[in-house]
Trainee: 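Input: one structure, supplied below.
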Amino acid sequence: MTTFVAHLDADCYYVSAERVRHPDLTDKPVGVLGNNGACVIAKSYEMKAHGVKTGTPIWDAAKLCPHGVYVKRDFYWYEVLSRKMLGIVGTFSPRVEYYSVDEFFFEAIPTSHRTDLPGTATKIRDYIREAAGLPVTIGVARTRTLAKLFSDTGKPFGAVAVLTRDHERELLAKMPVTEISGIGGKRADRLAPYGIRTCLDLADADGRLVNKLLTKTGYEIWLELNGTPVMPIRPERPPHQVLARGGSLMGNVDDPKLLWAWCVRHVERLIEELRYHNVRTTTLAIQLDWKDGTGTGGTTSMPVPTDRFDDLLDAARTSLRRAYIPGATATHMHVMATELRRAKGFQLSLFDAPDPKKEKLAATKHAINEKFGRFKVRSAATLYLPAVYRDPANDFDICDIRGKVCF
Amino acid sequence: MCTAVALPTSELPDIVVEQLIDRVHTRGGEREVRFDWRSVPALLPVWWNGRLQVVKWGNRDRSERKLPPTGWTWRETVEKGKWSAIEPEPVEVPAAYVMTNGVWFRVKQGVRGLLVRTRTGEPVVYLICEPSTRYYRVMTRATWMPVLIDEVI
């Protein structure tokens with residue numbers, strides 16, 4: 001018996017989430033602004049109609065859509081609604097993958113013997129609208145790749161079930177190959193000389209050619225386009241290979257004290273993640289992006305896996321020194337733990353004695369912040385970033401929403 | 001500097017909406033009253049004496065000699081007591097949307113104001129401002145922002 005996969009995609013999710021708590025925003029052109037307040041990260045269909053795109057700077061957007069209303073992002077709230085949606089979908093399907101804050105994959109099962117899959121998709125969509133107040137679009141097909149492609153054709157507030165090969169081919173013929181998640185401009189350029197321009201062209205191409213041009217990933221996409229499920233639904237997120245924290249430095253930073261303060265902030269955030277996932281790291285890497293478009297990196301290895309602040313701070317100091325260019329202006333920083341080990345059962349070094357006092361100190365800091373809120377106890381080095389800590393919205397970023405498969 | 005606030009007509013008494021009909025605009029199918037500093041006379045809604053009232057915004061026309069000829073005051077000035085001689089009252093200016101430098105943004109409740117009286121007893125409100133947060137400065141390119149009620153932008 002053929003199993004079908006459903007893909008749920010919330011329609012302009014951040015805007016819809018804002019409309020749930022501010023119903024007056026309904027039908028208005030609304031833009032949600034990103035972490036710095038400089039760019040539109042999500043827009044309503046009404047704002048899109050004025051030419052505002054994701055990534056448009058606010059000053060351009062205000063000219064394109066003078067009556068548009070802008071809202072500061074609130075990832076706490078977006079997570080609350082996302083988990084509510086996830087819970088609802090879980091009542092309709094035994095296997096749900098939390099792909100991203102606004103996208104889920106799940107096994108499509110008819111809600112009753114009298115309801116077919118198109119009816120089921122419609123029912124789930126309508127129930128989410130009623131219970132969570134969010135408009136979503138659902139696509140049902142034989143594989144994940146097909147379901148994701150077809151849900152896009154149903155937007156907004158659609159429910160599309162594509163159950164036959166003929167129907168699949170009809171829709172695939174209308175879609176450029178770049179619509180497929182994982183096939184960007186460069187991969188499309190590799191396919192173009194072979195006349196592969198639409199999704200149907202790719203599906204009809206020789207699998208060996210696709211493997212040669214796009215490697216294994218492309219070959220798996222080809223299989224999925226032809227209805228062979230390759231990518232399973234993952235109800236649990238696979239363990240992280242790398243944990244990282246970082247992002248924009250909220251402006252241009254050339255003062256080494258400020259750069260160090262950002263580094264310490266990201267190390268503290270990274271430690272939270274290491275502890276949450278119950279892993280330690282033996283390597284700490286720092287990546288800096290400079291204003292002139294270049295990037296530098298520095299890596300430090302440690303003899304014993306650790307999640308302790310003092311150890312990681314020493315490593316961060318060395319990594320930052322390696323990545324730092326005196327006098328240059330940095331714009332972004334990422335701190336990465338690249339060699340992760342499970343927190344128990346690792347080999348100790350001969351020369352590093354356990355330090356129970358520092359372990360206790362780290363545990364106490366963690367416990368206080370767990371109880372009273374993030375960053376209530378933090379390194380004094382971060383005092384150079386008062387504006388960052390004054391705004392509670394900076395305490396929680398999109399990457400802090402855990403359990404998602406995708407960023 | 002914040003130069004306009006907007007409030008849906010559903011949040012204002014009908015009689016007030018009728019009086020301000022030339023300031024009613026439609027945004028996304030919903031009617032709202034826009035209180036713009038450039039309008040003549042400049043007005044603002046305030047919660048005062050337990051009810052929502054529309055009062056004069058600032059002293060742009062310089063009709064009152066003892067009041068500053070603007071529509072804003074600084075939080076620091078208020079906290080230093082420089083207004084105390086004319087018995088100011090803190091008031092809340094309800095708003096759904098606020099505009100600064102051409103950017104309309106959503107606020108949860110509104111902004112804080114300072115209400116004083118003219119020699120004839122007419123109420124006048126000034127919006128209280130403070131230095132912009134970094135986010136607000138990037139969003140609006142303004143160095144001063146209104147003091148928001150229970151909210152950080």
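Quick note: numbers below take in every heavy atom, side chains included, and nothing from hydrogens, waters or symmetry partners.
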Trainee: Counting distance only, does the side-chain N/O of B:Arg134 pair as donor-acceptor with the main-chain N or O of A:Met250 below 3.5 Å?
Mentor: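 Indeed, once roles are kept as given, a pair shorter than 3.5 Å links the two residues.
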Trainee: Are any of the side-chain heavy atoms of A:Asp391 and B:Thr133 separated by less than 4.5 Å?
Mentor: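 Contact flag for A:Asp391/B:Thr133 side chains = no.
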Trainee: Between A:Lys72 and B:Val152, what is the shortest heavy-atom contact and its length?
Mentor: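 Where A:Lys72 meets B:Val152 most closely, the heavy atoms are NZ-O, 3.3 Å.
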Trainee: Which bit of B:Arg141 is near chain A, if near means a heavy-atom gap under 4.5 Å: side chain, backbone, both or neither?
Mentor: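 When you check distances to chain A, only side chain atoms of B:Arg141 fall under 4.5 Å.
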Trainee: Give me the atom names and distance for the closest heavy-atom approach of B:Arg106 to A:Val69.
Mentor: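 Heavy atoms only, the tightest pair is N-CG1, 3.8 Å.
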Trainee: So with a 6.0 Å cut-off around CD1 of B:Ile21, is the heavy-atom count from everything else above 12?
Mentor: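 Correct, the count exceeds 12.
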Trainee: Count the heavy atoms of every other residue, nucleotide or ligand shown that sit under 6.0 Å from CG of B:Asp14, and state whether that count exceeds 12.
Mentor: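 Open: at most 12 neighbouring heavy atoms sit under 6.0 Å from CG of B:Asp14.
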Trainee: Is B:Arg31 atom CZ crowded by more than 12 heavy atoms from other residues, nucleotides or ligands, each under 6.0 Å away?
Mentor: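 Not more than 12 within 6.0 Å, no.
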Trainee: More than 12 heavy atoms of other residues, nucleotides or ligands under 6.0 Å from CZ of A:Phe375: yes or no?
Mentor: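 Count over threshold, so yes.
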Trainee: Within the structure provided, determine whether B:Tyr97 and A:Leu25 are in side-chain contact (heavy-atom separation under 4.5 Å).
Mentor: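 Of all side-chain heavy-atom pairs linking A:Leu25 with B:Tyr97, at least one is under 4.5 Å.
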Trainee: Taking all non-hydrogen atoms of both residues, which atom of B:Gly102 and which atom of A:Ala62 are closest, and how far apart?
Mentor: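 Heavy atoms of B:Gly102 and A:Ala62 come nearest at O-CB, 3.9 Å.
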Trainee: I'd like to know if the side chain of B:Tyr135 pairs up with that of A:Asn394 as donor and acceptor (distance under 3.5 Å, no hydrogens or angles considered).
Mentor: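 No.
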Trainee: Give me the atom names and distance for the closest heavy-atom approach of A:Trp59 to B:Val138.
Mentor: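 Nearest pair, atom of A:Trp59 first, then B:Val138: CZ3-O, 3.8 Å.
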Trainee: Under 4.5 Å heavy-atom distance to chain B, tell me which part of A:Pro392 shows up: side chain, backbone, both or neither.
Mentor: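 Looking at A:Pro392, just its side chain touches chain B.
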Trainee: Is it the side chain or the backbone of A:Ala393 that comes within 4.5 Å of chain B heavy atoms, both, or neither?
Mentor: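 Looking at A:Ala393, nothing touches chain B.
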Trainee: Check this for me: A:Lys48, atom NZ, are more than 12 non-hydrogen atoms of other residues, nucleotides or ligands nearer than 6.0 Å?
Mentor: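 At most 12 heavy atoms, drawn from other residues, nucleotides or ligands, come within 6.0 Å of this atom.
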Trainee: Give a yes or no on whether A:Tyr127 atom OH has more than 12 heavy-atom contacts from other residues, nucleotides or ligands under 6.0 Å away.
Mentor: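 Result for OH/A:Tyr127: open.
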Trainee: Is atom CZ of B:Arg119 surrounded by more than 12 heavy atoms (other residues, nucleotides or ligands) closer than 6.0 Å?
Mentor: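 Yes, the 6.0 Å shell around CZ holds more than 12 heavy atoms from other groups.
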Trainee: So that I can tick it off, tell me whether B:Arg27 and A:Asp27 are bridged by a salt bridge, with the cut-off set at under 4.0 angstrom between side-chain N and carboxylate O.
Mentor: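 Salt bridge between A:Asp27 and B:Arg27, a charged N being under 4.0 Å from a carboxylate O: no.
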Trainee: Name the member of A:Leu33, A:Val71, A:Thr26 that forms the most heavy-atom pairs with chain B at distances under 4.5 Å.
Mentor: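 Highest number of heavy-atom pairs under 4.5 Å: A:Leu33.
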Trainee: Carefully, step by step, assess B:Ile153 and A:Tyr70 under the rule side chain to side chain contact (heavy atoms under 4.5 Å, CB included).
Mentor: CA-CA 11 Å; B:Ile153 286 185; A:Tyr70 298 91; over 6 Å; no
Trainee: Just how far is it from atom CD of B:Glu32 to atom NZ of A:Lys28, taken to the nearest 0.5 Å?
Mentor: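 The CD atom of B:Glu32 sits 6.5 Å away from the NZ atom of A:Lys28.
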Trainee: For B:Glu76, does the CD atom sit with more than 12 other heavy atoms under 6.0 Å from it, leaving out its own atoms?
Mentor: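 At most 12 heavy atoms, drawn from other residues, nucleotides or ligands, come within 6.0 Å of this atom.
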